[in-house]
Each structure stands twice: as structure tokens, then as C-alpha cells.
Amino acid sequence: MCGIIGRVGDGNALEPLLTGLENLEYRGYDSAGVAVQNGSGINVEKRSGKVEELKSSIGDPLQGEVGIGHTRWSTHGPPTDANAHPHTDESEDVAVVHNGIIENYTELKERLAANGYEFTSDTDTEVIPHLVQYYLDAGYDSERAFRQAIDELEGSYAVTAMVSGEHVLYAARRGSPLVVGMEDGEYFLASDVPAFLEYTDSVIYLEDGDVVVVDADGVEFTDLEGNPVVREPETVEWDPEQAGKGEYDHFMLKEIHEQPTSLSQAIEGRIDSAGGRIALADFEPGTFADIDSVQFVACGTSYHAALYGSLALNQAGVQSTALLANEYSVSAPPIDDDTLVIAVTQSGETADTLTALRQAAREGADTLTLTNVVGSTAAREADDALFIRAGPEIGVAATKTFSSQAVMLTLLAQRIAADLRGEPPADLEALLPELESMPAAIDDVLAESAATTIARRYRNSEAYFFIGRGLGYPVALEGALKFKEITYEHAEGFASGELKHGPLALVTPETPVFAIFTGEEDEKTLKNAEEAQTRGAPVIAVCPDDHPAVAVADDHLSIPDTEPDLAGLIANVQLQLVSYHAADLLDRPIDKPRNLAKSVTVE
Ligand code: M6R
């Protein structure tokens with residue numbers, strides 16, 4: 001996975017390209033590069049490291065109205081200057097940026113090398129400019145050479161290319177996202193909308209198989225054979241300020257603090273308190289009446305949200321399983337016409353999740369995507385899509401999108417159960433007002449949290465454990481993932497009752513245990529926490545102030561007293577803050593943790 005950008009218009013392309021790369025850096029930050037052209041050939045600047053380093057290495061600003069740029073998350077070859085994109089042919093007549101994997105690159109490389117084309121990188125991408133050049137050398141015009149080269153690629157790609165001496169960009173998509181932005185004679189191609197959001201909110205998403213040619217006169221959409229295809233323009237609702245850091249030191253902290261707003265947006269118009277029902281207008285009453293089981297597929301944090309949704313469904317009496325999308329191809333449970341498969345994915349572009357979603361569709365399941373990104377591949381490919389409306393999330397560590405996913409899945413669980421039974425579940429009446437007051441409850445937690453003190457107190461520990469029961473279990477997993485992801489410290493999440501079945505061997509006075517209390521068999525969780533405490537581990541109880549665990553625990557992170565369906569999600573906000581402050585104390589690059597990227601478009 002990587003971020004790509006292209007720009008055609010009046011004036012110098014360099015600034016919008018670099019801005020675009022900064023806004024796409026969440027997709028990868030191993031190396032970065034740009035290429036622009038000014039009528040006297042293509043100029044390329046690229047290097048390992050972040051976009052900031054690329055910017056400071058560009059001495060004389062590159063001039064040119066047309067350009068492409070790339071920020072990389074390495075797949076083929078380490079993050080060296082040579083492996084950074086854009087890649088060109090030897091004479092720098094053709095420059096290419098690419099996101100995805102070219103599966104037949106070895107074969108193409110051997111063929112091109114046998115024809116005298118010389119390679120200078122370890123990447124799969126480098127075959128593309130050489131292949132385009134091969135067809136230019138054979139007498140094809142640029143567009144035909146590009147189409148022919150694309151036709152020969154196997155694998156996944158979003159590719160943008162330019163040919164020396166032309167005011168044109170060529171692009172193609174298969175399996176990796178690409179979107180066009182348009183405003184008054186200025187055109188962009190990018191992996192994601194935030195790349196150009198400060199220039200335009202008018203976009204057209206490419207579909208798989210599309211080839212576009214962009215010049216100063218406009219954008220032409222065709223299929224690979226050159227037949228015109230119609231793609232409708234859309235206006236994106238995110239505003240550029242949402243995509244900035246504002247007053248915060250990190251996107252992650254900003255996004256943690258955005259949760260009251262993002263949750264309000266998620267539930268707005270979807271809860272009918274007076275009528276005592278979930279009003280998901282996206283689905284007609286009875287939509288789910290024939291469903292006999294639900295399977296969730298997801299990865300990482302989205303998997304934890306999926307597990308939350310699956311447990312909520314089970315508790316509402318609906319058969320459901322949450323599966324890691326990357327395991328689905330080897331161990332999917334049986335599917336029939338009445339199986340609903342729900343892909344949970346913030347980005348809508350995670351390759352593992354897309355593969356599982358496609359498999360489920362092939363096997364006859366109804367499919368639904370829960371995502372944050374309108375126009376994403378998962379949203380477009382599933383039978384239905386439900387949007388969490390969280391706004392752009394830039395920090396690689398998912399925060400506000402987890403909360404919105406879990407809340408939306410709580411609503412959906414209630415709605416599916418109601419459709420199946422023909423009446424709302426009994427506990428819905430109590431849940432609805434608590435859901436409505438959840439944004440305010442999170443505001444209170446954010447206004448007064450002991451997270452900084454706790455992070456400081458336990459900063460030199462050997463490992464960090466998180467335990468929870470029922471709906472507290474996915475929260476324990478999520479608390480641990482967040483902690484390890486941004487602090488690089490060892491952290492593990494366990495079902496509370498599992499601690500004594502093995503993990504207790506790891507417990508020492510140097511391993512604080514965060515115990516999440518949601519109101520589901522809390523007395524057992526407290527016993528499990530005490531078992532750790534007896535072995536010397538400090539226990540941090542995440543629970544309401546009047547909870548019995550407060551008297552037992554060494555420390556306390558406070559949450560309001562609420563329904564078990566929601567308590568864990570508020571506890572999760574406290575855990576997000578602990579992870580954030582622990583990482584900050586360690587001076588970690590919180591928004592861009594090492595080796596990771598926001599959206600993983602390879603399997
Ligand atoms: O875009 P997705 O929700 O499909 O992404 C899935 C995971 O890659 C993602 O949640 C990842 O685990 C996050 N970095 C966790 O903070």
C-alpha cells in the first residue's frame with residue numbers, strides 16, 4: 001500500500017503534489033518522490049524517508065504544470081532511494097507511480113531485460129515504465145502504449161503515468177483505489193480524497209478496469225479497450241479542516257477528542273427514541289427478516305469492532321461469528337442464501353477484507369460493508385453499505401472509527417434482532433437514551449481523565465495486559481493493540497477468565513493489568529484481576545467510581561455508569577488516552593508508527 005497523486009493544471013504542480021503526499025502519508029512513509037515536467041523533460045526527485053525529508057532535499061524547486069508523486073510502504077525491496085517512486089525508463093521518457101502488487105513482474109522484467117531494458121531498483125513497479133517505453137519504441141502512441149502495458153499487468157494496481165513532452169496523465173485502476181478530483185481546469189488523481197481536499201471536493205471514483213486520460217481539457221473515462229464508460233461526479237462532505245491537526249500535537253489525540261462529535265454523527269437520524277426503535281433509514285423494515293446467521297470479516301481494530309458486533313448479536317439471540325478476514329479463505333464457516341456477511345473496514349480498501357467479502361459473495365451470501373469511506377471498494381462491491389460518518393481519520397492507529405463502528409454494530413444488532421423477531425428486543429428501551437447520551441459521557445471522560453498519571457506511573461513496566469469479559473473482551477484486545485502499535489511495548493489482551501489458563505504465568509509486579517468492567521459478570525472479572533494482583537501485578541480498574549473494583553485496584557480510570565452494551569466503548573476511550581500518553585512519554589512517532597500504514601492493500 002502506498003499513496004499516489006497526480007496533477008494537471010495551470011501553474012506549478014510541485015506544491016499541490018507535496019501537499020497531496022503529506023496528506024497521503026498515512027498510507028505509507030518509507031520513502032517519497034515526485035516527478036514534474038516543464039517541456040524539457042521529466043525531472044524526478046525521490047528519496048527514502050518521509051515527505052518532510054523529500055521537501056527539504058528539493059533545492060531548486062522543480063517546475064512543471066504536470067506531475068506525479070508517491071509515498072511508499074515497501075513491499076518489493078527495502079526503503080532505499082532507488083526503490084522510491086516515481087520510477088522511470090532509462091531515458092526518463094516515462095514516469096510512473098504505483099500502488100499495489102504486480103504479480104507477474106519477474107516474467108515481465110526478464111522479457112524486458114532480454115530486450116535490453118536496464119533496471120535500477122528491486123521493485124515490481126519498475127517494469128511499468130519500461131513496458132510503456134517498450135511499446136513507445138515499437139511505434140505506439142502514448143495512450144496506446146500505456147493501455148497495452150496495463151493490459152499485460154497481473155495483480156493489483158492503481159497506476160498514474162506521464163510521458164515526456166505531454167501535458168497529460170494516464171491512469172488505471174484494478175484492485176487499488178484511485179479517485180479523480182476536479183476544479184476549474186485543475187485535475188488531480190489520488191489514492192484518497194484528503195490528498196486534494198483543500199483544492200476540490202468534486203470527485204469521481206475509478207472502478208476496477210477503468211483507464212483515464214487527464215489533460216487540461218478534462219478527464220476521459222474508458223475501459224481497457226478504449227470504450228467510453230460513464231462515471232458520475234460526487235461531492236465529498238469532508239472539509240479540509242477536518243483533515244488537519246488543529247490545536248493538537250498529533251492526529252491521534254485530535255481523533256480521540258473528536259469521538260463525541262463522530263458518534264453524534266454516526267447515530268444522527270438512526271435512533272428513534274420516541275418510537276423505541278432503531279431507525280436505520282438505509283434499510284426497509286424487515287430487510288433482515290430472512291437472515292439465519294451473520295458472519296463478520298475484518299482485520300485489526302475493525303476486527304475488534306466486528307467481534308463487538310458479533311457478541312452483541314449473539315446476546316440479542318442471533319447466530320453470529322467474527323472472523324479474521326485474512327483467515328477466511330482457509331476456514332470460512334458454511335454459507336447459504338440466508339447468511340449475511342458484514343465486512344467491517346474503516347478504509348474500505350483492506351485487501352484481506354476485500355478478498356473475504358468477494359469470497360462470501362461468490363458463495364452466495366448477502367453482503368454488507370460497514371465503512372467510513374463513501375466510494376471505497378468495499379462499499380461499492382457489497383450488496384449494501386452502511387457508513388459510520390466519522391470523518392477523515394489520519395492517525396494510523398484507529399480510534400474514533402473503532403467507536404463509531406462498534407456503536408453502529410450495536411444499532412445493527414438490535415435492528416437485525418428486531419427484524420427476525422418482528423419486535424424490538426426487550427432491552428432496547430433502556431439502551432436508546434444511553435446511546436444518545438454517550439457523546440456527552442465521552443466528553444466528560446476526555447475532560448477529566450487520570451490517563452496521563454497512569455501512563456507515567458507505569459512507564460517502565462515489562463509488559464501491559466488488558467482483560468475484559470463479554471463486550472469488555474474486544475475492548476481488552478483493542479486496548480492492547482493500540483498500546484503495542486504506538487508505544488512498541490509488549491501488550492496483550494485476554495478474556496478475563498482466560499488469564500488463569502496460561503497467561504498468568506507472565507504476570508509479575510512489572511506487568512500492570514488493566515481490567516475493564518462493563519457490568520457483565522463483573523464479580524468474576526474482579527476475581528480474575530485479584531488473581532493477578534496476588535501475584536504482584538498492579539491492577540488498574542476501568543469502571544464507574546462507585547464500583548467495588550475501585551477499592552481493590554491499585555489505580556482507577558473512571559467511566560460513567562451505563563448500559564453493558566456501551567460501557568466498554570467508554571472504557572476504550574480511557575485506554576486510548578493511556579496508550580497515547582505512554583507513547584508520547586516514549587517520544588514515539590504516534591501518528592506514523594514504524595512498519596505500519598493506515599490502509600493495507602496487500603494480502
Ligand atoms: O481500514 P481497515 O479498517 O480495514 O483496516 C484494518 C486494520 O488494518 C486497521 O484497523 C489496523 O489494525 C489499525 N492500524 C489499528 O489501529
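Numbering starts at 1 and runs along the sequence shown. Both counts, for ligands and for their atoms, begin at 1 and track the order of listing. Heavy-atom basis, side chains included; hydrogens, waters and symmetry copies ignored.
With a 6.0 Å cutoff to the six-membered ring centre and a 45° limit on the axis angle, R594 counts as a cation-pi contact of Y488.
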*asked:* Using salt bridge (charged side-chain N to carboxylate O under 4.0 Å, His left out), reason through K484 and E489 one step at a time and then give a plain yes or no.
replied: CA-CA 5 Å; K484 72 180 85 162; E489 296 295 310; over 6 Å; no
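Using a 4.0 Å cut-off between charged nitrogen and carboxylate oxygen, E255 and K400 do not count as a salt-bridge pair.
Taking atom 1 (O) of ligand 1 as the reference point, the nearest protein heavy-atom neighbour is S347 OG, 2.6 Å. Protein heavy atom in closest approach to atom 4 (O) of ligand 1: T350 OG1, 2.4 Å. Nearest to atom 8 (O) of ligand 1 among the protein's heavy atoms is V600 CG2, 4.1 Å. Counting protein heavy atoms only, atom 9 (C) of ligand 1 is closest to T301 N, 4.1 Å. Protein heavy atom in closest approach to atom 3 (O) of ligand 1: S302 OG, 2.5 Å. Annotation: atom 6 (C) of ligand 1 to nearest protein heavy atom, C299 O, 3.3 Å.
Ligand 1 has V396 within reach: a non-hydrogen atom of the residue lies less than 4.0 Å from it. Residue contacts with ligand 1 leave out E349, since none of its heavy atoms falls under 4.0 Å from the ligand.
The closest side-chain heavy-atom distance from H304 to K482 is not below 4.5 Å. V578 places a side-chain heavy atom less than 4.5 Å from the side chain of F483.
Not a single N or O atom of Q405, backbone or side chain, sits closer than 3.5 Å to an N or O atom of ligand 1. Taking distance alone, with nitrogen or oxygen atoms compared against 3.5 Å, T353 stays at or beyond that limit from ligand 1. Among the atoms of A398, some N or O lies under 3.5 angstrom from an N or O of ligand 1.
Residue H98 holds its NE2 atom at 5.0 Å from OG1 of T125, rounded to the nearest 0.5 Å.
The contact set between ligand 1 and A397, taken as ligand atoms under 4.0 Å from a residue heavy atom, comprises 16 (O). Residue K482 has at least one heavy-atom neighbour below 4.0 Å for each of these atoms of ligand 1: 15 (C), 16 (O).
For the salt bridge (charged side-chain N to carboxylate O under 4.0 Å, His left out) criterion with E25, the lone passing option out of K50, K592, K598 is K592.
By the criterion of a heavy-atom distance under 4.0 Å, the side chain of E485, and not its backbone, is placed next to ligand 1.
Heavy atoms of other residues, nucleotides or ligands lying less than 6.0 angstrom from CD of E363 number more than 12.
For the pair V297 and T353, the tightest heavy-atom approach, listed with the atom from each and the gap, is O-CG2, 3.8 Å.
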